[in-house]
**Student:** 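Sending over a structure as structure tokens; questions will come in a sec.
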Amino acid sequence: MTALICYTFATVLHTQRYLAPLLLFMGLMGVLTVNGSGPLPPAYASSAGALFVCSTWLTIALMSLDDPPQRAIVVVTAGGRSLTVLLAAIGTALVSCFVLMVFGLVFPLWIGNYTVTAADLLLGLEAQLTCALVGIAIGVLCSKLVFKRQGYALVAALALVMGTLFAKGMPPVNRLFTLMATTPDATELLAPTGAMLAISAVILAVFTAATQFVAGRRE
């Protein structure tokens with residue numbers, strides 16, 4: 001698994017497919033959190049939203065690194081375990097998102113004027129991890145392992161991202177943003193945000209299983 005993650009990292013760095021989602025994340029962070037003040041939860045909701053979009057795009061890019069012959073070689077090298085290769089790609093996306101989470105936690109504090117507590121930082125971490133997991137889940141399901149044509153994958157990804165963001169009251173993302181926008185006290189938000197994080201982990205597991213099922217039938 002470690003070797004596969006290192007291989008995926010080396011490949012994505014070589015192809016530079018990370019640049020577009022990374023620049024999008026930086027741009028959204030600059031627009032949504034610049035010169036902020038007051039309670040931190042709304043600012044961290046903005047950084048979590050930026051990470052949600054970025055993680056979806058980044059995961060789709062990671063899942064599209066290898067063409068079918070190259071993926072077959074990688075699967076054989078991994079002992080014929082295609083699930084291991086899929087999990088390695090997801091692990092790479094998670095590690096990349098953890099790096100962006102640090103930036104998402106620090107950047108609003110650097111350019112804004114906030115009173116920071118430990119509860120605020122924990123809430124920001126929970127919110128960003130929730131959005132990262134859902135974004136990775138959508139990226140996995142909308143990869144070329146499921147959709148042979150890139151246009152169909154893009155339409156499906158956009159539909160899922162927009163639905164997840166704007167379907168009123170839908171957990172975990174829209175519900176999370178609603179809570180963080182209306183409740184300034186981070187302490188009160190830790191428990192419901194933890195519940196949204198658990199839901200996002202379940203979504204990632206279900207989408208991963210569905211992707212592996214479709215890819216396994218094709219292979």
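Please read all numbers here as calculations on a predicted model, not as lab measurements.
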**Student:** Using atom types as modelled, flag every donor-acceptor pair under 3.5 Å from a side chain in residues 188-203 to any protein atom, sequence neighbours excluded.
**Tutor:**
{"residue": "Thr193", "atom": "OG1", "partner": "Leu189", "partner atom": "O", "Å": "2.6"}
{"residue": "Ser200", "atom": "OG", "partner": "Leu197", "partner atom": "O", "Å": "2.6"}

**Student:** Going only through I, L, V, M, F, W and Y residues with side-chain contacts under 4.5 Å, is there a path from Met29 to Ile111?
**Tutor:**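 Result: yes, single cluster for both.
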
**Student:** How would you list all residue pairs meeting side chain to side chain donor-acceptor pair (under 3.5 Å) that involve residues 48-62, not counting sequence neighbours?
**Tutor:**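 Applying side chain to side chain donor-acceptor pair (under 3.5 Å) to every pair that reaches into residues 48-62, excluding sequence neighbours, yields nothing.
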
**Student:** Linking Ile, Leu, Val, Met, Phe, Trp and Tyr by side-chain heavy atoms under 4.5 Å, what else ends up with Leu158?
**Tutor:**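 Once heavy-atom contacts under 4.5 Å are chained together, Leu158 belongs with Leu154.
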
**Student:** Which atom pairs, one a donor and one an acceptor, fall under 3.5 Å between side chains of residues 39-51 and the rest of the protein, sequence neighbours left out?
**Tutor:**
{"residue": "Tyr44", "atom": "OH", "partner": "Leu105", "partner atom": "O", "Å": "2.9"}
{"residue": "Ser46", "atom": "OG", "partner": "Pro42", "partner atom": "O", "Å": "3.3"}
{"residue": "Ser47", "atom": "OG", "partner": "Tyr44", "partner atom": "O", "Å": "2.9"}

**Student:** Quick one: list whatever passes side chain to side chain donor-acceptor pair (under 3.5 Å) with Thr117, sequence neighbours left out.
**Tutor:**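 By the side chain to side chain donor-acceptor pair (under 3.5 Å) rule, Thr117 matches Asp120.
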
**Student:** Going by side-chain contact (heavy atoms from CB on, under 4.5 Å), name the residues that satisfy it together with Phe166, two or more places apart in sequence or in a different chain.
**Tutor:**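 Residues passing side-chain contact (heavy atoms from CB on, under 4.5 Å) with Phe166: Met162.
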
**Student:** Atom CZ of Arg175 and atom CE of Met180: how far apart are they, to the nearest 0.5 Å?
**Tutor:**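 Arg175 CZ to Met180 CE: 13.0 Å, rounded to 0.5 Å.
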
**Student:** Tabulate below the donor-acceptor pairs under 3.5 Å that side-chain atoms of residues 124-139 make, not counting sequence neighbours, or state none.
**Tutor:**
{"residue": "Gln128", "atom": "NE2", "partner": "Met101", "partner atom": "O", "Å": "3.3"}
{"residue": "Thr130", "atom": "OG1", "partner": "Glu126", "partner atom": "O", "Å": "2.8"}

**Student:** Under the side-chain contact (heavy atoms from CB on, under 4.5 Å) rule, collect the residues that match up with Leu22, sequence neighbours excluded.
**Tutor:**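 Checked Leu22 against side-chain contact (heavy atoms from CB on, under 4.5 Å); matches are Tyr18, Met26, Leu100.
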
**Student:** Between atom CG of Asn174 and atom CG of Leu165, what is the distance when rounded to the nearest 0.5 Å?
**Tutor:**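 With rounding to 0.5 Å, CG (Asn174) is 8.0 Å from CG (Leu165).
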
**Student:** With the 4.5 Å side-chain cut-off for hydrophobic clustering, are Val116 and Leu123 part of the same group?
**Tutor:**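 Hydrophobic grouping puts Val116 with Leu123.
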
**Student:** Do the non-hydrogen side-chain atoms of Leu58 and Phe25 ever get within less than 4.5 Å of each other?
**Tutor:**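 SC-SC contact between Leu58 and Phe25 ruled out.
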
**Student:** Using 0.5 Å steps for rounding, measure from the CE atom of Met170 to the OG1 atom of Thr178.
**Tutor:**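 Here the interatomic distance stands at 12.0 Å.
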
**Student:** Transitively linked via ILVMFWY side-chain contacts under 4.5 Å: Val146 with Tyr152?
**Tutor:**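 Val146 and Tyr152: one cluster.
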
**Student:** Kindly give the heavy-atom pair with the smallest separation between Phe147 and Ala156, and that separation in Å.
**Tutor:**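 Where Phe147 meets Ala156 most closely, the heavy atoms are CZ-CB, 3.6 Å.
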
**Student:** Please list, chain by chain and in numerical order, all residues satisfying side-chain contact (heavy atoms from CB on, under 4.5 Å) with Thr208, sequence neighbours excluded.
**Tutor:**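 For Thr208, the residues satisfying side-chain contact (heavy atoms from CB on, under 4.5 Å) (neighbours in sequence not counted) are Leu86, Leu87, Ile90, Leu204.
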
**Student:** Is there a path of hydrophobic side-chain contacts, each under 4.5 Å between heavy atoms of I, L, V, M, F, W or Y residues, that connects Leu160 with Val206?
**Tutor:**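 Shared cluster, yes.
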
**Student:** I'd like to know if Leu62 and Leu19 are part of one continuous hydrophobic network [Ile/Leu/Val/Met/Phe/Trp/Tyr, side-chain heavy atoms within less than 4.5 Å].
**Tutor:**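 Yes, same cluster.
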
**Student:** Could I get the full list of ring-ring contact (aromatic ring centres under 6.0 Å, His included) partners for Phe103, not counting sequence neighbours?
**Tutor:**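 ring-ring contact (aromatic ring centres under 6.0 Å, His included) list for Phe103, sorted by chain: Phe107.
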
